[in-house]
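Below is one structure, written out as structure tokens; comments come after it.
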Amino acid sequence: PIVSHGQFIGWARVNLTQKDTSKNLQIITRNGLLYTALAIVIGALFAYFMARGITKGLHNIVEVAEGVKKGNQKLRADTSRHDEVGKLGVDLNIMLDTISKSNRDLQAIMDYSPAVGYVLDLNKKFTFVHKQFEKIFHQSRGSIIGKSLHDIFPKEIADEMQCNDKDVLKTGHALESEEHAPHEDGLHIYTSIKFPLYDDKGNIYAVCGISTDITERITMERDKSSLESQLNHTQKMQAIGQLTGGIAHDFNNLLAVIL
């Protein structure tokens, strides 16, 4: 029935065949599947790009951490992201800046020390030297880092130093010893204090050494010892001379009496 404003107007009849109904159902089903598949594809693409973005950010953080570990203290993480990965990058940079400042402070303290300070890792490579080391051996800090003792010193001297380092690693205790190093004016004598450095798990990861040039002191002690020996010898000769003179005088007196 057809009703308008509450009044019956007439009748209308719609005939749908089973074929038309099946066709309409097929269209509806096909469109539903199409929309579902489209939604799945869009969701998958969104998840892919989200995962790719997160992975890229995490990869950047890992690269920075590995670079800093290898000695490049200037590396910093990308902080352009505004998600949790970006916040992680900011926190990492804050931590690296704090460590960098501490290292600069330590470097400044060591640079004004007359002793020679250095650190060698378990691979026997230099990871830290200070200005006095550069000044004495005429090599820049950048050219020393990553090198071994044998890259810088003659084999005999490097073997001596490395032997002391091995003792520190073996015992886990500090060691004081005399070592030698070549200077422009010849071989110098150093008293070296070497001790292990431990990580937060209690494992040794490097050997730190502080070496003081004692050549001048040793030379003065040797000169003093030599002077004392010469003085003792002179005093002995003087005593012998006095004794001989006295004997000669007494002998002359005896001869005078006899004659």
Side-chain angles (χ1 to χ4, degrees), residues 32-111 116-134 137 139-152 158 161-162 165-166 168-170 172 194-210:
L33 292 174
L34 179 63
Y35 292 141
T36 301
L38 183 61
I40 293 173
V41 170
I42 292 174
L45 288 174
F46 179 77
Y48 169 76
F49 285 111
M50 282 291 293
R52 183 179 178 184
I54 294 173
T55 303
K56 185 178 180 181
L58 292 176
H59 182 68
N60 171 255
I61 291 174
V62 171
E63 282 186 335
V64 170
E66 290 294 331
V68 171
K69 183 179 178 181
K70 292 178 181 179
N72 190 349
Q73 304 295 328
K74 296 182 179 180
L75 286 177
R76 292 295 181 271
D78 180 16
T79 57
S80 61
R81 300 173 61 97
H82 300 288
D83 54 8
E84 292 300 318
V85 176
K87 186 177 182 299
L88 183 61
V90 171
D91 293 340
L92 175 62
N93 288 347
I94 292 173
M95 181 183 69
L96 292 176
D97 289 340
T98 302
I99 295 173
S100 181
K101 183 180 181 301
S102 297
N103 288 340
R104 287 196 303 271
D105 293 344
L106 174 62
Q107 189 77 55
I109 294 171
M110 291 296 296
D111 283 345
V116 178
Y118 46 90
V119 175
L120 292 102
D121 62 18
L122 297 183
N123 295 319
K124 305 170 186 175
K125 305 292 184 181
F126 283 98
T127 60
F128 171 86
V129 295
H130 81 310
K131 189 176 292 184
Q132 191 72 359
F133 197 109
E134 297 179 278
F137 301 111
Q139 296 192 49
S140 67
R141 185 174 297 149
S143 67
I144 297 172
I145 299 301
K147 288 185 177 180
S148 68
L149 290 166
H150 288 84
D151 293 328
I152 298 175
M161 295 177 177
Q162 200 167 87
D165 293 347
K166 287 180 179 179
V168 172
L169 293 174
K170 182 179 180 180
K194 297 185 174 182
F195 49 92
L197 298 179
Y198 294 89
D199 60 21
D200 55 358
K201 296 181 180 179
N203 300 317
I204 297 175
Y205 70 89
V207 174
C208 180
I210 301 175

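Given the structure is predicted, the values throughout are model-derived calculations rather than measurements.
- A 4.5 Å side-chain heavy-atom check between E66 and L75 finds every atom pair outside the cut-off.
- The backbone N or O of A158 sits nowhere less than 3.5 Å from a side-chain atom of H150 that would complete a donor-acceptor pair.
- Side-chain contact between I144 and F137: absent, with no pair of heavy atoms (C-beta onward) separated by less than 4.5 Å.
- Nearest approach of V129 to Y118, heavy atoms of both residues: CG1-CB, 4.1 Å.
- Put simply, the side chain of N93 gets close to the backbone of A77: a donor and an acceptor are under 3.5 Å apart.
- Remark: the backbone N or O of S80 is paired with a side-chain donor or acceptor of D78 at under 3.5 angstrom.
- A donor-acceptor pair under 3.5 Å is formed between the side chain of E134 and the backbone N or O of R141.
- Looking at I204 and V168, their side chains never come closer than 4.5 Å, going by heavy atoms from C-beta outward.
- The side chain to side chain contact (heavy atoms under 4.5 Å, CB included) with F126 is formed by just one residue from the set L120, D121, V119; it is L120.
- Listed for the S100 side chain is no donor-acceptor partner under 3.5 Å among the backbone atoms of L96.
- D151 and S148 share a donor-acceptor pair across their side chains, judged by distance under 3.5 Å alone.
- Considering CZ of R76 and CG of L92, their distance stands at 8.0 Å, rounded to 0.5 Å.
- Residues K124 and D165 are not in side-chain contact: their nearest non-hydrogen atoms beyond the backbone lie 4.5 Å or more apart.
- A salt bridge links K87 with D91: the closest approach of a Lys/Arg side-chain nitrogen to an acidic carboxylate oxygen falls below 4.0 angstrom.
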